Protein chains: 2
Amino acid sequence: MTTRGASPEGADPLREAQDRFVAVWGQMAGAWGISRTMAEVHALLYISGEPLCTDDIMERLDISRGNASMSLRALLDWGIVERAHKRGDRKEYFNCEQDVWTMFRAIVRERIKREVDPLLASLFEIRDLTPESKVPGAATHNERLDALVDFFSTVEKLGHRFVSPPGRGLQLAASLLGSFVGASSRPAPTEGKP
Amino acid sequence: MTTRGASPEGADPLREAQDRFVAVWGQMAGAWGISRTMAEVHALLYISGEPLCTDDIMERLDISRGNASMSLRALLDWGIVERAHKRGDRKEYFNCEQDVWTMFRAIVRERIKREVDPLLASLFEIRDLTPESKVPGAATHNERLDALVDFFSTVEKLGHRFVSPPGRGLQLAASLLGSFVGASSRPAPTEGKP
DNA sequence: TCGAACTTTCAAAATATTCTGAAAGCGATG
DNA sequence: CATCGCTTTCAGAATATTTTGAAAGTTCGA
């Protein structure tokens, strides 16, 4: 169906842009430690901006029902997609959080919980394996562990600070740091970046 | 064979703690988008605090020469491990950056370069597919893209600010935000820690 | 209580990533 | 300039992750 018609109406540029966005977002997935499909589902819900049902997603992304279901479940767990319903329709629809800052606050919250907190717990345990009184040679080893503990404690506190208020955590941090953000101030739009 | 002098037990607590740390750090790897082995090699170099050669790493981690070589190369590319040499020894040794803040600055620098910058470039391209003059229905679509562009532009600027100075970027941000960081303040470590 | 309309689950299949080991490469030394 | 000691490369093997699809589960209306 995507065969380009010679007429100006042949291609749908909006659809095309959406597909590009879905692909780009999907590529990021690896770096973020989630599956490509999960990222694509999220991308589709975000960029289309309206509630979609499982079948919409299956068809648009060409994935199986099971895959769509599991990806949606994971997105719900992350708190960046929510269920929605249409009157007189038994199907479930899904809606992506549309405020970017709220979305990333949810992501940060979840990653702290899943990654930073367990890591800190492990670091404490590991440090307790080598009390200097019992393990004389462990001084520098313990210092190295402490340095990591300090670092991740800071990250955790900063994260909570970013996550908890309804306000603009990161933006606030940014302006406090002296950079004025808020206008997108992009480089030349048409062609690629330096 | 690890029997060290008068130690009553065969166990070496320091070695054990190192192994635990290597395992824990390795588990984080998935979430960070790097391979488990690469993270383990890094963990070993960090926690042992001294230069190790390829054979040390192979033996300690029980991995092949090829794997060790590739992981080390990747760590060098990330700029968190450096080559070292011992006099009268032809082997190459490897040294991990020992300052945690410097280490994470390198990581942030690299991730911005590899993930954020290309993403921003793609977002600009995608937005240019749907100028409102040519694609009347694209207004909200473009707004959604702009919201992401703004967000990642902010992230990029903040990142550079954290990365560039030799000082304590994140710590500074943290204290400006009003949280007092620096003491690790967590479940009581068995050993007294200031 | 039944059955239609959906959703979720999960074992097996498909796919992607990581690891190995042997061979090729490299550069210092005799 | 041949050899030695060490490092890097890469095709194929091993392993891990992701996806599918069909069956089981759930919910709602009559």
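Note that the structure is predicted; figures quoted are calculated from it, not measured. In what follows, every chain begins at residue 1, and chains take the letters A, B, ... in the order their sequences are listed.
Contact detail for A:Gly49 and B:Arg144: the closest heavy-atom pair is CA-NH1, 3.5 Å.
Residue A:Glu92 holds its CD atom at 12.0 Å from CD of A:Glu82, rounded to the nearest 0.5 Å. In this structure, A:Asp150 CG and A:Leu145 CG are separated by 11.0 Å, a value rounded to the nearest 0.5 Å. A:His85 NE2 to A:Arg90 CZ: the interatomic distance, rounded to the nearest 0.5 Å, is 11.5 Å. Expressed to the nearest 0.5 Å, how far CG of B:Leu44 lies from OG1 of B:Thr37 amounts to 12.0 Å.
Of all nucleotides in DNA chain C having an atom under 4.0 Å from a heavy atom of chain A, the first and last in 5' to 3' order are C:dA4 to C:dC10.
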Polar atom pairs between nucleotides 8-10 of chain D and protein, under 3.5 Å, N or O only, would you list them?
from  : atom 1 : to      : atom 2 : distance (Å)
D:dT8 : OP2    : B:Ser69 : OG     : 3.3
D:dT9 : OP1    : B:Arg73 : NH2    : 3.3
D:dT9 : OP2    : B:Arg73 : NH2    : 3.4

Check nucleotides 26-29 of chain D for protein N or O atoms closer than 3.5 Å to its own N or O atoms and list the pairs.
from   : atom 1 : to      : atom 2 : distance (Å)
D:dT27 : O2     : A:Arg90 : NH2    : 3.0

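For A:Glu59, the CD atom is loosely surrounded, since the number of other residues' heavy atoms within 6.0 Å does not exceed 12. Summarising the local packing, CZ of A:Arg114 is surrounded by more than 12 heavy atoms from other residues, nucleotides or ligands at distances under 6.0 Å. Other residues, nucleotides and ligands contribute only 12 or fewer heavy atoms inside 6.0 Å of the CG atom of A:Asp62.
A:Ser71 places a side-chain N or O within donor-acceptor distance of the main-chain N or O of A:Asn67, the cut-off being under 3.5 Å. A donor-acceptor contact shorter than 3.5 Å is absent between the side chain of A:Arg20 and the backbone of B:Ser122.
Both A:Cys53 and A:Arg36 lie near DNA chain C, and the one whose nearest nucleotide falls closer to the 5' end is A:Cys53.
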